[in-house]
Number of protein chains: 2
Amino acid sequence: MATRNVSPPSGRAEHRWRAVAFPGTLTKPMSIDAIESALKPYLKMKQDLLERSWNDKIVDTLAIRLRYRLGSQATRACTARGGDIHIHISCVDYGANCYQQQESHIKSHTSAAKVSSMQKIISQFRYVFLMSALLMAVTLSGSTRVYAQKVVVAHRGASGYLPEHTLEAKAMAYAMGADYLEQDVVMTKDDQLLVLHDITLERTTDVASRFANRARSDGHYYAIDFTLAELRQLRVNEGVREAVNTRSAVYPERFPVDASSFQLNTLEEEIEFIQGMNKSTGRDVGIYPEIKSPEFHRAEGKDLSTAVISVLKRYGYMTKQHKVFVQTFSYEELKILHEEVLPAAGVSLNLVQLIAGEATYDWMLDAQGMKELARYADGLGPEKAMIIDRDSTPDDIIISDLVELAHANGMQVHPYTFRADEGQVPHFAENFEELLDLYYFDANVDGVFTDFPDKAVNFLRSKARTTR
Amino acid sequence: MATRNVSPPSGRAEHRWRAVAFPGTLTKPMSIDAIESALKPYLKMKQDLLERSWNDKIVDTLAIRLRYRLGSQATRACTARGGDIHIHISCVDYGANCYQQQESHIKSHTSAAKVSSMQKIISQFRYVFLMSALLMAVTLSGSTRVYAQKVVVAHRGASGYLPEHTLEAKAMAYAMGADYLEQDVVMTKDDQLLVLHDITLERTTDVASRFANRARSDGHYYAIDFTLAELRQLRVNEGVREAVNTRSAVYPERFPVDASSFQLNTLEEEIEFIQGMNKSTGRDVGIYPEIKSPEFHRAEGKDLSTAVISVLKRYGYMTKQHKVFVQTFSYEELKILHEEVLPAAGVSLNLVQLIAGEATYDWMLDAQGMKELARYADGLGPEKAMIIDRDSTPDDIIISDLVELAHANGMQVHPYTFRADEGQVPHFAENFEELLDLYYFDANVDGVFTDFPDKAVNFLRSKARTTR
């Protein structure tokens, strides 16, 4: 059972709890007494099951399976301020409006003793909660509502362990249990779609030594100046510092810069790779392509969005039910995708607006901006400090209203980038797992972009286990 | 707790049990009464820990960690015939004689009631067993003896999910938690070491369409007839049926034959790849190179063994403590490795004799043969039907004395090949996990070669969990 009680620093009246919340049919505020009373039939139900020779083990096994199915969404932030309890429950309708997130708040004026008593009840009846949700899922024929899973997006693959955007890094992330694998997409001189994070090549390839005279006047080697056949000749390496001609690793503890042998690949090859693994494993891992620097591409005479959507359609990604998110930092491009490119292709895909902590994006962050954004976007990908303030301390975690506002407008939130390398975990978290805990469950994000998908997957799994 | 009680078919007097056996310092036969009495102090110890505010959770956590450390070797086959109980305990001395396996037998004349009572005791005190082993490991300063881990060898990578011997398949197997990744090694025309299972190329590459006129008179394309630069131009595919010019998959449910884009790689590239992941993950995954068809290579004027050992030495594999097994089907080559190649290189590596169910190998299978083999080999890699007979039924599992004889001669046993594809699980096992259970714990093998490393790793982990 994942509960935590942070003692309030002197002079503060805030407590913070985490608890398994009631995953039932709550749609309106409900008092503690009402919750207590609602629990009684479920307790009876468990008793019945046990008496009918269902032993504890079976009930537990069902509960575990259910946990995996529901994911960690069944575990919600439960906060109390003064005498009020707020339980945030998000749920997803997998019916007609897949990924349409809904949210309910339970607010109850009550005493601190009541809060503690509620936690105890929640703890005591955690199996019952899960069983009840299972039985409801089975019996509610008119409704297919289940709780959303928290997801793990492998940021450029398992890039903490293998050079980013290689198929090898994607295979590793796939095996580690990531839900989505990310592809940054740029276009080549001959209009091929290349999976590459930068629009330039020198950080992750040996382009400078192999095509020494092909830099632009700014000293950079642009992928768009090379044909795919030329790009195939490059060796891919673990990222080095941007200055050309150095081979000094950005993250020295990761894969050795020039070891082994890796190549660039196209978006098509990567989709075939992931779909092939989906066939051989029976899983359904999604893709998360980014339209990189669309304005740059348009200035070079290339319509990257149309090309990407065409490939996605060719590989069967056509509705919001398909496991794909298309992301971009450009609000202009997001609108073009939503209003022109997707309709022209006759598809409807989940779109994600990426957001950085820059003035350009400021207007998006209030209620009005979110509402406007939600006309085009199904999700937000904010830099993670926009959700939990960098100035937070272990005793004072400052959470912005970004997630709450996004959820209120039906958008999911997938912040970036979670890195476990030395020095990359903000000081307000004790370690990487604590950081994930704060984001997934205190700040209530729906997924994270991480270079270390194994750690996020294992964190969510252990969370599922400890809350059995 | 992994116990199973197979009711004896009428007319038979054999029972078979599995149980967590006593992982203590047993070195000689011990009676049930003596075991019962030996348990008392450990029970007391747990009580003490609990009283000193160690709660059950902490004890369990230690137990889990210990299980991972000891691996499943702490779980041993426990068989009873008539009134005798045999508990087989293998342990490994990680000191001077790494991987030198030792074995003890406990034999006790006793009644069926006693057997059942013993199982009950074992079940009841499973935490205590583990705790005791932990404390012993900590306190026995004069001895570094711990129990060997059962290992998982990824057969040509995670070849059940991705094309064999690609770096992608190795990345997947690595992430799935395999202990060793296998490399089959052949030599190119220009004396490079290529990772390839067959000495020919047509099953796993597009050689026939790319170099149509390069087949020998037998219709086969031999890797040894191509330079590395030529081999780099080939595309690797999921295996197709051997007849040239068909693209029909050997295993239709696996990765699609011509999807995505894969290449061949050298032994050096693969070692750098694995060592690089060992650096970035902090794990220590081993390699398992095979000297393929050494006689064929010698007839072509190439000394494959010397070349492989030279590469291994260059990459730091020099003693039996290093995580490498060098395997070959050729007994002659095994002797050459042991008596000439390894001494000439000044290294001492673990050697594995591969064995197939052919007349050539018959002499190895009795006590005298094993003793002779053990002069050169540290382990055996037999075809799996040589350990559990193909004619076994669920009620009558026929286990040969191969493992017992090998262990008695200080050799580990790693049978091949465990496949979960439809039709690949022998009829005497209910499913793939049951098959693994029979081999790992009934037949007591030390490791398996499998195309599905995730399933073997998960099996061993769940075994560790259920025997908590």
Side-chain angles (χ1 to χ4, degrees), chain A residues 57 154 157-163 166-178 232-233 235 237-238 249 251-266 268-283 315 421 451-455 457 465-466, chain B residues 57 154 157-163 166-178 232-233 235 237-238 249 251-266 268-283 315 421 451-455 457 465-466:
Chain A
K57 187 128 197 158
S159 53
Y161 306 113
L162 277 171
T166 57
L167 292 185
E168 289 83 352
K170 302 296 162 85
M172 186 173 234
Y174 191 103
M176 284 171 168
R232 294 264 191 223
Q233 300 170 41
R235 279 174 57 126
N237 54 259
E238 174 63 33
Y251 297 103
E253 300 305 315
R254 295 189 176 184
F255 196 87
V257 170
D258 288 313
S260 197
S261 177
F262 304 95
Q263 280 199 306
L264 294 168
N265 56 268
T266 65
E268 289 93 324
E269 285 164 350
E270 181 159 337
I271 291 175
E272 289 185 13
F273 185 67
I274 294 169
Q275 293 190 342
M277 291 189 290
N278 281 344
K279 178 197 173 214
S280 62
T281 65
R283 290 176 60 200
Y315 283 96
D421 309 273
D451 294 357
F452 298 84
D454 57 333
K455 292 184 194 291
V457 168
R465 271 200 295 276
T466 56
Chain B
K57 188 132 195 153
S159 52
Y161 307 112
L162 278 171
T166 57
L167 292 185
E168 289 83 352
K170 302 296 164 84
M172 187 174 234
Y174 191 104
M176 285 171 167
R232 294 264 192 223
Q233 299 170 41
R235 278 174 58 126
N237 53 260
E238 174 62 33
Y251 298 101
E253 300 306 314
R254 294 189 177 184
F255 195 87
V257 170
D258 288 313
S260 198
S261 176
F262 304 96
Q263 281 199 306
L264 294 169
N265 57 268
T266 65
E268 290 92 324
E269 285 165 351
E270 182 160 335
I271 291 175
E272 291 185 12
F273 185 66
I274 295 169
Q275 292 190 342
M277 291 189 290
N278 281 345
K279 178 196 173 215
S280 63
T281 65
R283 289 175 61 200
Y315 283 96
D421 309 273
D451 293 357
F452 298 84
D454 57 333
K455 292 185 194 291
V457 168
R465 270 199 296 277
T466 56

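A, B, ... follow the sequence lines: proteins, then strands. Residue 1 opens every chain.
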Item to check | Stepwise salt bridge (charged side-chain N to carboxylate O under 4.0 Å, His left out) check, B:E269 with B:R232 | outcome: CA-CA 13 Å; B:E269 285 165 351; B:R232 294 264 192 223; 2.6 Å; yes

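- For A:D421, the side-chain contact (heavy atoms from CB on, under 4.5 Å) partners are A:Y251, A:R254, A:R419, A:Q424, A:F452, not counting sequence neighbours.
- Every residue meeting the side-chain contact (heavy atoms from CB on, under 4.5 Å) condition with B:A259, not counting sequence neighbours, appears here in chain and number order: A:E272, B:F255, B:P256.
- Ranking A:G276, A:G177, A:A173 against chain B, the residue ahead of the rest is A:G276, based on heavy-atom pairs under 4.5 Å.
- We find the OG-CG distance between B:S280 and A:L162 to be 6.0 Å, quoted to the nearest 0.5 Å.
- Contacts of A:E238 with chain B are absent, with no heavy-atom separation under 4.5 Å from either backbone or side chain.
- Neither the backbone nor the side chain of A:P163 comes within less than 4.5 Å of any heavy atom of chain B.
- Looking only at side-chain heavy atoms (C-beta outward), B:K170 and A:E168 stay at 4.5 Å or farther from each other.
- Of the atoms belonging to B:Q263, it is side-chain heavy atoms, and not backbone ones, that fall under 4.5 Å from chain A.
- Residue contact with chain A, scored on non-hydrogen atoms closer than 4.5 Å, involves the backbone and the side chain of B:Y161 alike.
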